[in-house]
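Quick caveat: nothing in here was measured; it's all calculated off a predicted structure. All heavy atoms count here, side chains included; hydrogens, waters and symmetry mates do not. Numbers restart at 1 for each chain; the letters A, B, ... are given by sequence-line order, proteins then strands.
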Amino acid sequence: MSEYQPSKIEPKWQAFWEEKKTFKAEIDKSKEKYYVLDMFPYPSGNGLHVGHVENYAGSDIFARYKMAKGFNVLHPMGWDSFGLPTEQYALKTGIHPKEITETNINVFKKQLKNLGLGYDWDRELRTSDPDYYKWTQWIFLQLYNRNLAYIAETPVNWCPELGTVLANEEVQDGKSEVGGFPVIRKPMRQWMLRITEYADRLLDDLDLLDWPESLKEMQRNWIGKSLGAEVDFKIDPDSLDTQANIRVYTTRPDTLFGATYMVLSPEHALVNLITSEEQKAAVETYIKTAATKSDRARSDDSKEKTGVFTGAYAINPVNDTKIPIWIADYVLASYGTGAIMAVPAHDVRDYAFAKKFDLPIIQVVSGGNIEEEAYTGDGLLMNSGLIDGLAVPEAKAKISAWLQEEGLGQKAVNYKLRDWLFSRQRYWGEPFPIILKEDGTHAALPEEMLPLCLPEVEDYKPNAAGEPPLSRAIDWVNAPENGKRETNTMPQWAGSCWYYLRFLDPDNTKMVIDPEKEKYWMPVDLYVGGTEHAVLHLLYARFWHKVLYDCGVVTTKEPFQRIVNQGMILGIAYEYYEEAETKKVLSWKDLSDDLSTLKRTVHADDVRWVVEGDMRKAFHPDHDIELLPLTEKMSKSRGNVVNPDDVIAEFGADTLRMYVMFMGPFEQSKPWDTKSVTGVSRFVNRIWRLVCEGAGLSDKIADGEMDKDTLRVLHKTIKRVSEDTENLRFNTAIAAMMECVNHLYKIDSVPTECVETLTKLLAPYAPHLSEELWERLGHKESIIDAGWPTYNEAFLAVDTIELGVQVMGKVRGTIQIAPDASEEVAVAAAKENETIIPHLEGKTIRRIIYKEGRILNFVVS
RNA sequence: GCCGGAGUGGCGGAAUUGGUAGACGCGUCGGAUUCAAAAUCCGAUGGCUUUGCGGUCGUGCGGGUUCGAUUCCCGCCUCCGGUACCA
C-alpha cells in the first residue's frame, strides 16, 4: 500500500479504538476531569448531514486534544429519540416508532463511527428507552411534588395539522416550528410547569456562565423581565353600580398625567361588566373575531390597530380626569394585568391607536415632536402636577412613592416568560406518571411503579372522541383502581432536559444519578451545538437543573459552564431563471422588470465551468447562460445538500473532518464548497507521502538532529497549534500545520523526532492518519497516550528579522536586523538602505519612532 | 422597529496589546516531469501604472484621533441571525 488509502486505514483504526476501549472514561481522582458534550441528535430518517459533522468533529478534536494534555475526558453520545417525525412516519407506514427509531439510530451510529469520533459508547443512551424515561418520569414527580406541575384549562396553541398543542417556544410567526403548519388558539386542559417561579434565577445565573453574549441576550429577552408599577384606576360610578378598579401595569408611571384612555384586552374579566347597552353589540362582535383569530392573524394586523369603545369611563387617579375605556387586541391578556393605561404621547402603539380613533394626546415629557410621532425618549416632565420639571428617572421614583402612600399602586415586576406548556396529544413520548381520579383530583404514581411504560396501540391517531392516542389503550388507561391514567405525553424537550446527567451514570437502576459521580463530573465543561437551541432546550434544561439542585440531586447551580455554537454550514446552488410563459431559460443578466420569471437552481455538481482569464464562470449544463451562485441554508428543497457519506467515500473521514474545520472560524457560518476540499485532501496526501513509502517509512525520515530552521518551524507550529486548538480556532491551527509540512518538503531529510511531534499535533484533527503514521514510526500504543508536545521558547528565536521602515507612516522599505537591535543600529541601517534614502533626502528628521522588532518610523518635514 | 454579529483579492479566509494588510487554502498563469494526459513537484498571483527600480490607490461609505488605523471614536449603508403590539 503505497498510496494514501483512507478506505483501508480508517476502518482499521476505528476497530482498534473500539476494541481497546480507547475512549472509555472512568472516575480517576488523580486526574483533572473534563466533560465535553455534544447536543445529541434526533435520529431522523435523513441521517447525518454536514452540520452534524461540524458540531461533532469540533468537539472531538477538542476532546482528543484535552485527552492528550492529560485530562480525564468524558465525551459521550446518545439519542434524543422521542419525537414527532418518527410518529408521523409510523402513521404513514404502520411501522412501530420503536422500530423506526432503532433503524435510524443504527444508521446514525454507523455514520458517527465512520467519522472516527471518539465517544465512550458504553454510556450510550436513548430518551425513548424505559430505563431512561423511568427517570424522566421520576424528575417529573419531583416537580409535581414541589407544586411546579399543574393542570390548567387555558387557551393553548393548537396545531390542527399535527393534532397537538405546542409550547409558545415552538410557535414561530403563528406556525409550528416542526412542519410550519398553522396554529390557532384553543382552550384545553393541559399540564403546565411553573418555570416562571424560576425566572429570576434563570436570569441572574446567566452571569455565572461562559456563554456567547448573544446567546445570553436571547435568554434574557425571552425571560423579558421589566420593572414598573401597578396602578389602580377606579371605574367611573356612572359606568358601574358597584365599586371596582382596573389594575394596570406600566413601566412608565412617570407618564400617568398623560394617560388619556384605557385599554382592556378582549379577554379581560371586567369587559362584560362595564360595557354599556349601546356598545354591547359592537363589543361582542369584536371579542368574537379576536377569539377566533390566530396569533398569526393578530400579528399580521399589527400595523393597523383595531378596537372598540366599551361605553365606560375610568378615573385617572392623579388628576381625577374621566377617561374612556376601550378594548383592543393589541393588549395581551397574558401579560401584566391584561389592561393598560394608554399614554399616546409617549408610546408608539398608543399613539397609533389614538390617531386612528381620534383620542386626546397630552404631552407630559418634553422633547420630540408630538404632532409627528410618539416621543419615548428622556426629558423633563410637564403638565404633571407634583412631578413637573423632574427628569424621567426622578419622576418615576417620586410618583411611585406617592402612589404607594395613597394606596393607589405599588412597584411591580413582570416577565414575558410564561409557564411551560408541558403536555402533548401524541403517542411517541413519555407517559405522565399520574392518575386522574374520579373526583377530579389527580395523584402521583408511586415511585416503585416507575417506569410507566408506553402501552401498545393499534393506531397512533387520536381516538374517535378526539382524545390522545394513548386513550386507545383502554386496559392501560383503566388499570388504576380509583381512576384513569393521564393520556397526554410529555414533549420532546423532557428527555433532553437532563441527559447530560444520565451520561454520568447510565446504568443506575436505584437512583437517577450516584452523587459521587455527579460531584466528580459536573458541570459540563464544554457544550457544543447549534444556536437553534438557544432558548428552548437550554432554558428548559437549566430550569430542570435548578429544580434538581433544590432537590439535592445536583450540586452545581448551572449545568453547562461553557457553550460554543458551531456556525451553520451553508450550501451553494447556482441560480437561473425561467420565463413564466415561454419556459425560456434566462440568466440573471437577462432579467428586467417587465419579465415575469421563476427562479430555478442547478446543483453545484452539475455546473459547467468556463475559464475566462483568471476567473471561472459557472454555466448551465445544457444552455449557454451564466449562473449566479446562491449561498443558503442547506435543505432538500433548495437542492444544495451535501451528504457526508459521499465525501468520506471520495476523500476519507480525516479529510472531511479537516475540511469542515478549515473552511473558516468554528462559530461562523460558512459556505460548503466541494471544490475546495481538494486543498485539504492534498495536504493529507502530502503528509502521507512525506512519511510513508510502501508498507513502511519513507527514506526521507531518518534519525538525526534537526537543523536550526526546522527546529524553529516545528516549535512555532507546536505553539500555534496548541494555542489555536485551545481556543477552538481550528482553521488557523490547520494552516499552521500546512506551513510546517511545506517547510519539511523543502529539506532533504526529516528527523524522526520532528515527524513524531507533528503527528501528535495532527492526531486530534486526522486521528486515523495519525495512528497509522504513529504505528509506522514504531509505536505500539495509541497516539492518544503519547501526550501533547510542548514548545521551547528558546528555539523560536531568530537571528535576523525583516523590519518595516516607514517614512511618515508609509512603508518605504525593509531592513534585515537583529530582533533586539538598538535604535541606533536600526536607524543607521535604514539610512543606508537604498530604497529609503530617496525618501529622507532633503528632509529634516523631526522624530524617530522605534518599536523593537515591530517598526521604525521617521517623521520628517 | 429593537437586540446580537459581520462587511478584507476572482473565492473561503489570516493579521498577537494600533506597528510591513492579504498567512493558509481554492482558482488562475508559468515552468519541471510525461509520448501524452492525470497526478505530482517548483514558482508567480490585490487594482492601476512602469521595460525595470519604483510609484500610487486599496480592509462597506463619510468624518475624526494618531508618527502610524482592518484594529480606537463619531455618523451612515448593506447583509446575516434572533425577536416582535410584552405596556
- Can you tell which of B/rA84, B/rA15, B/rC67 lies closest to the side chain of A/T732? B/rA15
Would you list the protein and nucleotides 55-60 of chain B atom pairs, both N or O, that sit under 3.5 Å from each other?
unit_1, atom_1, unit_2, atom_2, d
B/rG55, OP1, A/H839, NE2, 2.8
B/rU56, OP2, A/R812, NH1, 2.7
B/rC57, OP2, A/K810, NZ, 3.2

- Query: Any chance the side chains of A/Y330 and A/T306 put a donor and an acceptor closer than 3.5 Å?
  - Reply: no
- Hey, are A/E739 and A/K716 close enough for a salt bridge, meaning a charged N less than 4.0 Å from a carboxylate O? no
- Please work out if A/P212 contacts a base, only the sugar-phosphate, or nothing of the nucleic acid, heavy-atom cut-off 4.0 Å. nothing
- Query: Would you say the side-chain atoms of A/T531 and A/N565 include a donor-acceptor pair closer than 3.5 Å?
  - Reply: no
- Item | Intra- and interstrand pairs of RNA chain B - dot-bracket, Watson-Crick/G-U under 3.5 Å, | marks other strand | (((((((..(((......[....)))((((((.......))))))((((....))))..(((((..]....))))))))))))....
Please output the side-chain donor-acceptor pairs of residues 809-819 of chain A that fall under 3.5 Å, not counting sequence neighbours, one pair per line with the distance.
none

- Message: Among B/rA23, B/rG13, B/rG82, which nucleotide has an atom closest to any side-chain atom of A/M218?
- Response: B/rG82
- Item | Nucleotide nearest A/Y745 (side chain, heavy atoms from C-beta), chosen from B/rC24, B/rC42, B/rC85 | B/rC42
- Query: Is the closest basic N to carboxylate O distance between A/E3 and A/R689 below 4.0 Å?
  - Reply: no
- Message: Under 4.0 Å from OP1 or OP2 of B/rA87: is there any side-chain N or O of A/Y335 that close?
- Response: yes
- Touch check for A/S334, heavy atoms < 4.0 angstrom, all strands: base, sugar-phosphate only, or nothing? nothing
- Note on the structure: Here the distance between atom C1' of B/rG13 and atom CE of A/M661, to the nearest Å, is 15 Å
- Task: May I ask you to say what A/R686 touches in the nucleic acid, namely base, sugar-phosphate or nothing, with a heavy-atom cut-off under 4.0 Å?
- Result: sugar-phosphate
- Proximity of A/F683 and A/F662 rings by center, below 6.0 Å: no
- Query: Is the distance from OP1 or OP2 of B/rA87 to the nearest side-chain N or O of A/S226 less than 4.0 Å?
  - Reply: yes
- Task: Salt-bridge test for A/D350 and A/K355: reply yes if a basic N is under 4.0 Å from a carboxylate O, no otherwise.
- Result: no
- Look at the side chain of A/K305 against the base of B/rC85 and say whether a donor-acceptor pair falls under 3.5 Å; ignore hydrogens and angles. yes
- Which nucleotide in the set B/rG4, B/rA87, B/rG13 lies at the smallest distance from any side-chain heavy atom of A/Y249? B/rA87
- Donor-acceptor pair present, A/E213 side chain and B/rG5 base, under 3.5 Å: no
- Which residue pairs pass the ring pair (Phe, Tyr, Trp, His ring centres under 6.0 Å) test when at least one of the two sits in residues 841-861 of chain A, sequence neighbours left out? none
- Message: Classify A/Q806 by what it touches in the nucleic acid, base, sugar-phosphate, or nothing, heavy-atom distance under 4.0 Å.
- Response: base
- Query: Where the side chain of A/N731 is defined as all heavy atoms beyond and including C-beta, which of B/rA87, B/rA14, B/rU40 is the nearest nucleotide?
  - Reply: B/rA14
- Task: Report which part of the nucleic acid A/R220 touches: base, sugar-phosphate, or nothing (heavy-atom distance under 4.0 Å, all strands).
- Result: nothing
- Note on the structure: The nucleotide from B/rG19, B/rC3, B/rC26 with an atom nearest the side chain of A/I849 is B/rG19
- Return the nearest nucleotide to the side chain of A/N857; candidates are B/rC24, B/rG43, B/rC67. B/rC67
- Query: Taking for each residue the nucleotide of RNA chain B bearing the nearest heavy atom, is the 5' side occupied by A/T814 or by A/T531?
  - Reply: A/T814
- Identify which nucleotide among B/rC67, B/rG4, B/rA14 has an atom closest to any side-chain atom of A/P665, counting heavy atoms from C-beta outward. B/rA14
- Anti versus syn assignment for B/rG9, with syn defined as within 90° of 0: syn
- Counting only non-hydrogen atoms, which of residues 719-727 of chain A are less than 4.0 Å from RNA chain B? none
- Message: Surrounding NZ of A/K225 (heavy atoms of other residues, nucleotides or ligands, distance under 6.0 Å), is the total greater than 12?
- Response: yes
- Basic-acidic side-chain contact under 4.0 Å: A/E823, A/K851: no
- Message: Given B/rU83, B/rG25, B/rC26, identify the nucleotide with an atom nearest to the side chain of A/W222.
- Response: B/rU83
- Note on the structure: RNA chain B nearest-nucleotide lookup for A/I801 and A/M341: closer to the 5′ end is A/I801
- Between A/Y351 and A/K305, is there a cation-pi geometry (under 6.0 Å to ring centre, at most 45° from the normal)? no
- Hey, does A/K746 reach any base, or is it just sugar-phosphate, or nothing, if we go heavy atoms under 4.0 Å? sugar-phosphate
- Nearest listed nucleotide, side chain of A/V859, among B/rC24, B/rC67, B/rC26: B/rC67
- Query: Quick one: A/E834 CD to B/rC53 C1', roughly how many Å, whole number?
  - Reply: 10 Å
- Salt-bridge test for A/R252 and A/D347: reply yes if a basic N is under 4.0 Å from a carboxylate O, no otherwise. no
- Task: Could you list all the side chain to side chain donor-acceptor pair (under 3.5 Å) pairs where at least one residue sits in residues 657-669 of chain A, not counting sequence neighbours?
- Result: A/D60-A/R657
